[in-house]
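In this text the structure is predicted, and so the values were computed from the model without any measurement. Lettering of chains follows the sequences in order, A, B, ..., and the numbering in each one begins at 1.
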Amino acid sequence: MIQTRYEVVRRREIAPKTVHLAVRAPEIARKYRPGQFVIVRTHEHGERVPLSLAGSDMEEGLIYLLVQAVGKTSGEIHDLAVGDAFLDVVGPLGRPTPIAEYGTCVLIGGGFGVGALQPIATALRDAGNRVIAILGARQRSLVLLEEETRALCDEVYVTTDDGSHGRKGIVTDVLREIIERAPVHFVMAVGPMLMMKAVSELTRPHRIRTLVSLNTIMVDGTGMCGSCRVVVGGQTRFACVHGPDFDGHLVDFEAIRQRNAMYLAEEREALERRRAEMEESCQVAALAGQTATARQSSTPKES
Amino acid sequence: MSAALSKKERLKISRNPMPEQEPEKRVCSFDEVPLGYSIETAILEAQRCLQCPVPTCIEGCPVRIDIPGFLALVEQGDFLGAAQKIKETNILPAICGRVCPQEEQCEAVCALTKKYTSVAIGRVERFVADYERASGASELPELPPKTGYRVAVVGSGPAGLTVAGEMIRKGHDVTVFEALHRPGGVLVYGIPRFRLPIEVIDHEIDYLKKLGVEFRCNVVIGRLYSIDDLLKEEGYHAVFIGTGAGHPRFLNIPGENLNGVYSANEFLTRVNLMGANKFPEFDTPIVRGERIAVIGAGDTAMDAARTARRLGTRQVTIYYRRTAAEAPCRVEEMHHATEEGIGFEWLTSPVRFLGNERGFLTGVEFQRMELGQPDESGRRRPVPVADSNYVVPAQVAIFALGFNVNPIIAETSPDIITTKEGIIKVDTKTGQTSKPGVFAGGDIITGGATVILAMGQGKIAARSIQEYLTNR
Ligand SMILES: Cc1cc2nc3c(=O)[nH]c(=O)nc-3n(C[C@H](O)[C@H](O)[C@H](O)COP(=O)(O)OP(=O)(O)OC[C@H]3O[C@@H](n4cnc5c(N)ncnc54)[C@H](O)[C@@H]3O)c2cc1C
Ligand SMILES: Cc1cc2nc3c(=O)[nH]c(=O)nc-3n(C[C@H](O)[C@H](O)[C@H](O)COP(=O)(O)OP(=O)(O)OC[C@H]3O[C@@H](n4cnc5c(N)ncnc54)[C@H](O)[C@@H]3O)c2cc1C
Ligand code: SF4
Ligand code: SF4
Ligand code: FES
């Protein structure tokens, strides 16, 4: 067995600050199950950050990731070019989403959560379910993977906050109508915490089994540190080993929202530092360009 | 070398203290605190050994190092020879010399202990290993021809490293699977650099690599490959599980998920493995505060407190529900912590964490305890004192309360029998689990012990794996 170079093989900018990456990781591509995630690191000084698996190509040995640049590390990942590589990719992590023949399933995705929904939708379809998807976004340009989702699901609805695409409104408006129209047996929401909470509140009185995928702050992803702990049904659980999927009706979303804001000050500092570094390196590059031309006749260019 | 000393002369030499960095200086860096013996001191200390005909010290060492044997070589100035002698039984002497609780093991039963003070076995062991490393002379043993057998080692802590070292020397192919991006287990992510420098660990791992051990980091067994996959699809003939017990405990009390409340593992990992002490040069952040409360009094608590101090924390206090006498940490570490200005509050236990409106910790409410009747462990049980609650301000609180067992392996290999806590059941004489071809050792079979015990269990398992492979 040879250690893989986790190379970016394909890269597609699918929305502002949002990329869909195909990364070489043949073992993970072969072994992962829908709902699982990886933890990646981009360089020696880098942070370990979790990313959901958004599908794979087993033949080519590729895993798919959908990444939104929100801070320093996700910004660095967004900027990886084809041929660049991650330093580390560990996975698959977490328990897989339970797939069964439920009947009618509604999958709700917001932001990068739409990535994780792709393999879950496929698996649910293959298991004989009727699969409906609702994709929510602020505006048209932020609706992610709509075409791909349509190819996988029986029905797809899109909502935007400003009505620039699909329906004006939020995902729960559509979910409510679907539930009123016909029986729904399984709901899964992956996306912003507020969205997952609203979905869970909506399905609670209907007693529809509702799973949410919790994106907490993580370090190791193996149950060793407790950074990812969440409160579910009054009990402390570790999202990386006991999740990431949990029963949305039992999750304390407020506690997670607070914990996810733990490093806001530090995150800002890191992001500003990265901006400054990038500006500096642009200036250095510009300067180097000037001096190189100026010196071209006398000295050979330094490497 | 001078003629052999008489017993009387030997007894006259007193135990040599360990030179150390000054406390005021060392709290500003992660450099190692004990500086190590010089050549002269090491020889002098070795001369204190009486070369007992029945050396009790060996009984105290879980891996049975020939202690008088290596001390005699040190006395003669043959340090590389001494290193070879130790390595016959212990492949990680630079590590054990530093982190073994010697005062409870080899040194506790040294013949000198009763009337005098024991030979500083651990310090001389450390000296010998450091000498060898600095000389660059670590000789590779001659390896037997390849047997064609393949052994998978899961986890790269001291147990796994020991098994890897033993198995490669028997001519088998060995792959070590490690979940993290760096091998070493607790040695790397838990024990801080000021107690165990990274070069020491890397040197030992490089040595194993040179012998031909393959390290595969970023592989979580139970997720990427199950134990069955290793045996059936990946072509391994035997598997050793040394995954440790690093699944931190919390207390289930109000507020324990507030921002700033950490497990010691997370706090230490952020610093040791991820470099959070150098944020923003390194990307991983850590919450800092003026006051840090550490809960618990084991080695892990001392490490967390001393690390907190090195992050520039003004006031670090350790809170424990029993007294100093019952504290499970090494005496030496409590002494180091005290020197570094860390405070101790005994007979107190947290009942609740208090936070602000943004969910950040602001204080801890404690309750006083007193010691009642002895419990099963023979230690007197702490019982709460009525109406004794009090609040201390703190921006960071660190739980150092011990560990549960990581659930991943048990969950994905139901045929490996565990206790209800998840500890893998083995035959302690062989390390054999309930699954044929699968052996285990280290914290995963004890629920948390020491480096040297983990290594001892690794050796036992390696012997059984050898038997298992040859009798196939
Ligand atoms: C199971 C799981 C799956 C995820 N899947 C995806 C995905 O498919 N695509 C995607 O774009 N993002 C995903 N995320 C979120 C992603 O990990 C964070 O956006 C990323 O870590 C932010 O790092 P940063 O340095 O860019 O931003 P920062 O500025 O450091 O942080 C921005 C926000 O991200 C969160 N965050 C910060 N550090 C971590 C960390 N170490 N681990 C987890 N969250 C953190 C915090 O809530 C923080 O406020 C997932 C998270 C989890 C837990
Ligand atoms: C902070 C701290 C300080 C300590 N100080 C001392 C001391 O001074 N002296 C002393 O003797 N002992 C000390 N100990 C205890 C000692 O470190 C442990 O007893 C010892 O490390 C156990 O060794 P191990 O090989 O069983 O496992 P570990 O060292 O825990 O290593 C297990 C390894 O397995 C990996 N792993 C886990 N699950 C998987 C999986 N599914 N797949 C792949 N890899 C996996 C882990 O990432 C880890 O690297 C300390 C412990 C801590 C936490
Ligand atoms: S390995 Fe530990 S117990 Fe054994 S001799 Fe060395 S210090 Fe003592
Ligand atoms: S018991 Fe003490 S004095 Fe005797 S051989 Fe061992 S180390 Fe030397
Ligand atoms: S991320 Fe460390 S325990 Fe889950």
Structural part of Cys228(A) lying under 4.5 Å from a heavy atom of chain B:
neither
Region of Tyr32(A) in contact with chain B, defined by heavy-atom distances below 4.5 Å:
neither
Identify which part of Glu76(A) has an atom lying under 4.5 Å from any heavy atom of chain B, answering side chain, backbone, both or neither.
side chain
Heavy-atom pair count under 4.5 Å with chain A, highest-scoring of Leu180(B), Asn406(B), Leu224(B)
Leu224(B)
Applying a strict 4.5 Å limit to non-hydrogen atoms, the region of Val241(A) in contact with chain B is both
Could you check Met274(B) against Arg41(A) for side-chain contact (heavy atoms from CB on, under 4.5 Å), going step by step and ending with a plain yes or no?
CA-CA 11 Å; Met274(B) 304 308 298; Arg41(A) 208 163 63 114; 4.2 Å; yes
Mind listing the closest non-hydrogen atom pair of Gly223(A) and Pro248(B) along with its distance?
O-CD, 3.7 Å
State the SG-CD1 distance between Cys240(A) and Ile408(B), to the nearest 0.5 angstrom.
7.0 Å
Would you say NZ of Lys232(B) has more than 12 non-hydrogen atoms from neighbouring residues, nucleotides or ligands within 6.0 angstrom?
no
At a heavy-atom distance under 4.5 Å, which candidate from Thr412(B), Ile286(B), Asn252(B) has the highest pair count against chain A?
Ile286(B)
Out of curiosity, Arg33(A) CZ to Arg223(B) CZ, how far, rounded to the nearest 0.5 Å?
11.0 Å
Residues forming a salt bridge (Lys or Arg N to Asp or Glu O under 4.0 Å) with Lys31(A), sequence neighbours excluded
Asp229(B), Glu233(B)
Side-chain donor/acceptor of Ser263(B) to backbone N/O of Gly226(A), under 3.5 Å
no
Could you check whether Glu256(B) pairs with Arg229(A) (Lys NZ or Arg NE/NH1/NH2 to Asp/Glu carboxylate O, under 4.0 Å)?
no
Using a cut-off of under 4.5 Å on heavy-atom pairs, state which of Val89(A), Val38(A), Val231(A) scores highest against chain B.
Val89(A)
Using a strict cut-off of less than 4.0 Å between a Lys/Arg side-chain nitrogen and an Asp/Glu carboxylate oxygen, indicate whether Glu47(A) and Arg270(B) qualify as a salt bridge.
no
Based on non-hydrogen pairs under 4.5 Å, which of Asn404(B), Asn257(B), Val220(B), Thr269(B) is most in contact with chain A?
Asn257(B)
Is there a side-chain contact between Tyr263(A) and Thr284(B) in this structure, where contact means two heavy atoms from C-beta onward sitting under 4.5 Å apart?
no
Does the His45(A) side chain pair with the main chain of Glu281(B), one donor and one acceptor, at a distance under 3.5 Å?
yes
Of all heavy-atom pairs linking Pro280(B) and Glu269(A), the shortest is CG-OE2, 3.6 Å
Might you point out which heavy atoms bring Ala179(B) and Thr222(A) nearest each other, and give the distance in Å?
CB-CG2, 3.8 Å
Winner by heavy-atom pair count (cut-off under 4.5 Å) against chain A, out of Tyr262(B), Phe279(B), Phe267(B), Phe399(B):
Phe279(B)
Examine distances only and state if a side-chain atom of Asn265(B) and a backbone atom of Met224(A) form a donor-acceptor pair shorter than 3.5 Å.
yes
Contacting region of Arg274(A) [heavy-atom separation from chain B under 4.5 Å]
neither
Hey, are the side chains of Tyr225(B) and Glu27(A) touching, using non-hydrogen atoms and a 4.5 Å cut-off?
yes
Which bit of Ile217(A) comes within less than 4.5 Å of chain B, counting heavy atoms only: side chain, backbone, both or neither?
side chain
Does a side-chain heavy-atom distance below 4.5 Å link His181(B) with Glu44(A)?
no
In terms of heavy-atom pairs under 4.5 Å with chain B, which of Ile39(A), Asp252(A), Thr236(A) leads?
Thr236(A)
Got a donor-acceptor contact below 3.5 angstrom from the Asp283(B) side chain to the Ala270(A) backbone?
no
Keeping the roles fixed (side chain from Arg259(A), backbone from Asn259(B)), state whether a donor-acceptor pair exists under 3.5 Å.
no
Option that, when pairs with chain B are counted at under 4.5 Å, heavy atom only, ranks first among Gly46(A), Gly91(A), Pro96(A), Gly94(A):
Gly94(A)
Residues forming a side chain to side chain donor-acceptor pair (under 3.5 Å) with Ser156(B), sequence neighbours excluded:
Glu178(B)
